[in-house]
Amino acid sequence: QVQLVESGGGSVQAGGSRRLSCAASGVTPATYFMGWFRQAPGKEREGVAAISTGHISTRYTNYADSVKDRFTISRDDSKNTVYLEMNSLKPEDTAMYYCAATRRYSGHWYSPSRYDYWGQGTQVTVSS
């Protein structure tokens with residue numbers, strides 16, 4: 001089992017940057033495929049980015065079209081932490097951001113049902 005705790009949320013002006021962190025603890029967090037999701041009020045939870053396990057040279061990442069070239073997901077397995085670097089933030093990026101983990105490689109990376117463990121979330125608010 002894995003426990004996830006997000007941090008780094010807050011308020012930022014449009015065009016600004018923010019880095020979210022997800023600290024993992026429990027059974028070998030480095031063996032989990034990790035994802036970042038977000039959910040705005042009245043909307044469904046959507047996949048933002050995901051990163052596979054393994055050596056840095058063989059890992060792969062996935063991004064939603066809406067954040068591609070603005071957001072970067074990374075992981076530091078020595079610290080059991082996954083990051084989401086967010087640049088050029090827009091008001092539509094305002095949402096609660098969640099970290100998620102899974103050992104399953106079946107299913108779409110952006111599908112919440114693929115993930116078994118979730119953090120409590122951290123709020124990001126972007127003002128225009």
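- In this structure a side-chain-to-backbone donor-acceptor pair under 3.5 Å is missing from T72 to E85.
- One distance of note links OG of S66 with CG of D93; it measures 7.0 Å at 0.5 Å rounding.
- Considering every non-hydrogen atom in both A14 and P91, the closest pair reads CB-CD, 4.1 Å.
- In terms of heavy atoms, S21 sits closest to T81 at CB-CG2, 4.2 Å.
- The salt bridge (charged side-chain N to carboxylate O under 4.0 Å, His left out) check on R103 picks up nothing, with sequence neighbours excluded.
- Residues R75 and I56 fail the side-chain proximity criterion, which asks for heavy atoms closer than 4.5 Å.
- When all heavy atoms of V48 and L84 are compared, the pair lying nearest together is CG1-CD2, 4.2 Å.
- Among residues two or more places apart in sequence or in another chain, the side chain to side chain contact (heavy atoms under 4.5 Å, CB included) test is passed with S111 by H108, S113.
- Applying the salt bridge (charged side-chain N to carboxylate O under 4.0 Å, His left out) rule to pairs touching residues 8-23 yields nothing, sequence neighbours excluded.
- Not counting sequence neighbours, the partners of K68 by the side chain to side chain contact (heavy atoms under 4.5 Å, CB included) test are Y63, D65.
- Under the rule for a side chain to side chain contact (heavy atoms under 4.5 Å, CB included), the partners of S25 that lie at least two apart in sequence or sit in another chain are Q3.
- In this structure the side chain of V12 never reaches within 4.5 angstrom of the side chain of M86, judged on heavy atoms.
- Residues satisfying the side-chain hydrogen bond (donor to acceptor under 3.5 Å, both in side chains) test with Q39, not counting sequence neighbours, are R45.
- When all heavy atoms are compared, the tightest approach of L4 to C99 is CD1-O, 3.6 Å.
- Contact between A24 and V2 at its shortest, heavy atoms only, is CB-CG1, 4.2 Å.
- Aromatic ring pairs are classed by plane angle as parallel below 30°, tilted from 30° to 60° and perpendicular above 60°; the pair Y32 and Y117 is perpendicular.
- Residues satisfying the salt bridge (charged side-chain N to carboxylate O under 4.0 Å, His left out) criterion with D116, sequence neighbours excluded, are R104.
- Note that the CG atom of L20 and the CH2 atom of W36 stand 4.5 Å from one another [nearest 0.5 Å].
- Proximity of a side-chain donor or acceptor of E6 to a complementary backbone N or O of T122 within less than 3.5 Å is not detected.
- One finds the CD atom of Q13 at 9.0 Å from the OG atom of S128 (value rounded to the nearest 0.5 Å).
- Annotation for F33: hydrophobic cluster partners, listed by chain and number, are F37, Y60, M96, Y98, Y105, W109, Y110, Y115, W118 (ILVMFWY side-chain heavy atoms under 4.5 Å, direct or chained).
- Residues passing the salt bridge (charged side-chain N to carboxylate O under 4.0 Å, His left out) test with R59, sequence neighbours excluded: D77.
- Residues passing the salt bridge (charged side-chain N to carboxylate O under 4.0 Å, His left out) test with E46, sequence neighbours excluded: R38.
- In this structure, the side chain to side chain contact (heavy atoms under 4.5 Å, CB included) partners of S17, at least two apart in sequence or on a different chain, are N87.
- Side-chain heavy-atom separations under 4.5 angstrom define the hydrophobic clusters, and Y83 shares its cluster with no other residue.
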